[in-house]
Amino acid sequence: MRKTIIANWKMHYGPVKAGAWIRAFRRERLPKNIDIGVAVPFVSLAAARSSLGRAGVPNLGAQDTFWANEGAFTGEIGPAMLKEFALSFCLVGHSERRQYLGETDEMVAKKAIALQKSGIRPVICVGETEAQRKKGETLKVVRAQLAAVIAEGLKIDGPASPIIAYEPVWAIGTGKACSGQEAMVVHEAIHDALVKKFGKEASEIPVIYGGSVDPRNVAEYLSTTHIDGVLIGSASLDPRAFGVLCRAALPA
Ligand code: PGA
């Protein structure tokens, strides 16, 4: 399977800086055999799209969506609006949204399915907290998060087929990366749960890892079985450093 690298700027870069990031990143020499994407704040999608011009890389994505396409939902942005930016993907269920905005498994599931109905590929984030890991609940938590999206009607085929991002909450932005081997156990459990539900085509659903990935450890993740890509927060904020990370991902 082709590997995937997705940058998540989180709450960084309004339109001016987003445009500058994209233009700088377009000057980077990039590996051709990896799918590279960037998840941009809503307000910067138009600037990022126009700075991309005809360039096909990076793929453009959003960081969240609402589950309805329109209506009386003040402040929200729905999949039909996002579609106007020709997005390749949209994150849902990032742990920071679960933690600071109270998003539940059910809300995340509704968002993922709404994206699929609009033809946008959901990148569904799952992962346990440090307390849950200490109690030995990692697989139980991750399976429950996944089960909620499956119950809501997840489809695994077509252009809006999902990507699952395993992001242990304790490893995000902390420098305490989960080792490739520790992550592999969870990735394997996710692949197994998907295959059990959907059959063996589900082994083609990418399961990517996120949490303190940087240019030094990226190759370790991408060479580990069951890890199909990476989601990068802080190490994506500088376009040149992110270019270095992309080149370090799959050493020749
Ligand atoms: P980090 O964030 O790379 O800064 O740990 C990853 C993420 O939250 O997607």
Side-chain angles (χ1 to χ4, degrees), residues 1-13 17-19 21-65 77 79 82-94 96-97 111-112 115-116 118-126 158-167 172 204-211 213-215 218 221-222 227-250:
M1 183 188 316
R2 263 173 86 86
K3 303 284 181 182
T4 299
I5 300 181
I6 297 178
N8 173 17
W9 293 347
K10 309 192 178 185
M11 200 179 76
H12 293 276
Y13 304 154
K17 288 187 174 164
W21 190 102
I22 297 283
R23 287 190 297 278
F25 189 64
R26 282 183 60 184
R27 291 196 287 272
E28 291 296 311
R29 187 172 44 78
L30 296 172
K32 300 242 178 307
N33 52 350
I34 304 183
D35 291 326
I36 299 170
V38 55
V40 171
F42 292 139
V43 294
S44 303
L45 283 170
R49 172 56 68 216
S50 73
S51 300
L52 260 176
R54 286 161 189 266
V57 180
N59 292 315
L60 213 55
Q63 300 177 3
D64 182 39
T65 183
I77 307 285
L82 293 175
K83 220 178 155 178
E84 295 189 23
F85 297 101
L87 298 189
S88 304
F89 68 93
C90 178
L91 309 183
V92 286
H94 192 281
E96 286 148 14
R97 301 199 58 83
K111 291 177 174 202
L115 285 169
Q116 289 200 308
S118 282
I120 301 173
R121 187 166 213 202
V123 178
I124 304 162
C125 304
V126 298
S161 64
I163 293 178
I164 311 296
Y166 170 56
E167 297 209 297
I172 295 178
E204 290 303 309
I205 299 175
V207 181
I208 67 176
Y209 168 79
V213 179
D214 61 30
V218 64
Y221 290 109
L222 292 188
I227 301 187
D228 305 315
V230 282
L231 183 52
I232 315 284
S234 28
S236 72
L237 289 177
D238 176 326
R240 277 160 291 268
F242 185 56
V244 171
L245 185 150
C246 292
R247 289 190 293 276
L250 289 182

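All residue numbers refer to positions in the sequence shown, counting from 1. Excluded from the calculations below are hydrogen atoms, water molecules and symmetry mates; all remaining heavy atoms, backbone and side chain alike, are included. A quick note: this is a predicted structure, and the numbers were derived from the prediction, not measured.
- Between L82 and C90 the shortest side-chain heavy-atom distance falls below 4.5 Å.
- The nearest pair of heavy atoms linking S118 to P79 is OG-CB, 3.3 Å.
- For the atom pair CG of N8 and CG of L91, the computed distance is 5.0 Å after rounding to the nearest 0.5 Å.
- A donor-acceptor distance shorter than 3.5 angstrom exists from the side chain of K3 to the backbone of I227, with no hydrogens or angles considered.
- With hydrogens and angles disregarded, a donor-acceptor distance shorter than 3.5 Å links the side chain of S236 to the backbone of G233.
- The local environment of CE in M11 is sparse, with at most 12 non-hydrogen atoms from other residues, nucleotides or ligands closer than 6.0 Å.
- We find the CZ-CG distance between R240 and L245 to be 15.0 Å, quoted to the nearest 0.5 Å.
- The two atoms that bring V218 and P215 nearest to each other are CG1-O, 3.7 Å, heavy atoms only.
- Side-chain contact between P58 and I6 is absent, with no heavy atoms from C-beta onward closer than 4.5 Å.
- At a threshold of 4.5 Å between non-hydrogen side-chain atoms, the residues K10 and H94 count as touching.
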Determine, stepwise, if the pair L231 / V213 fulfils side-chain contact (heavy atoms from CB on, under 4.5 Å).
CA-CA 8 Å; L231 183 52; V213 179; over 6 Å; no

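- Panel note: side chain Y13, backbone L237; a donor-acceptor pair is recorded below 3.5 Å.
- Side-chain contact between F42 and D64 is present, with heavy atoms from C-beta onward closer than 4.5 Å.
- Between I34 and C246 the shortest heavy-atom distance is CD1-O, 4.1 Å.
- Checking side-chain atoms of R121 against main-chain N and O of I163 turns up no donor-acceptor pair under 3.5 Å.
- Here CD of E167 is found 8.0 Å from CD of E96. Values are rounded to the nearest 0.5 Å.
- A donor-acceptor distance shorter than 3.5 angstrom exists from the side chain of D228 to the backbone of V207, with no hydrogens or angles considered.
- In this structure, the side chains of E28 and P239 stay at 4.5 Å or more apart for every pair of heavy atoms.
- Taking the six-membered ring where the residue is Trp, Y209 and Y221 present parallel rings, their angle staying beneath 30° rather than reaching 60°.
- Residues W9 and V40 form a side-chain contact, since some pair of their non-hydrogen atoms from C-beta on lies under 4.5 Å apart.
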Trace of the side-chain contact (heavy atoms from CB on, under 4.5 Å) decision for T4 with V123
CA-CA 11 Å; T4 299; V123 178; over 6 Å; no

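- Taking all atoms of both residues into account, the shortest heavy-atom contact from A39 to Q63 is O-NE2, 3.0 Å.
- Interatomic distance, I124 CD1 to I208 CD1, rounded to the nearest 0.5 Å: 11.0 Å.
- At least one donor-acceptor pair closer than 3.5 Å links the side chain of R26 to the backbone N or O of S51.
- Annotation for R29: atom CZ does not count as buried by contact number, only 12 or fewer foreign heavy atoms lying within 6.0 Å.
- Closest heavy-atom contact between H12 and P41: O-CG, 3.3 Å.
- In this structure, the side chains of V38 and L60 come closer than 4.5 Å at one or more pairs of heavy atoms.
- Counting only heavy atoms from C-beta outward, the side chains of F25 and I36 approach each other to under 4.5 Å.
- Heavy atoms only, all atoms of each residue included: I5 and A249 are closest at CD1-CB, 3.7 Å.
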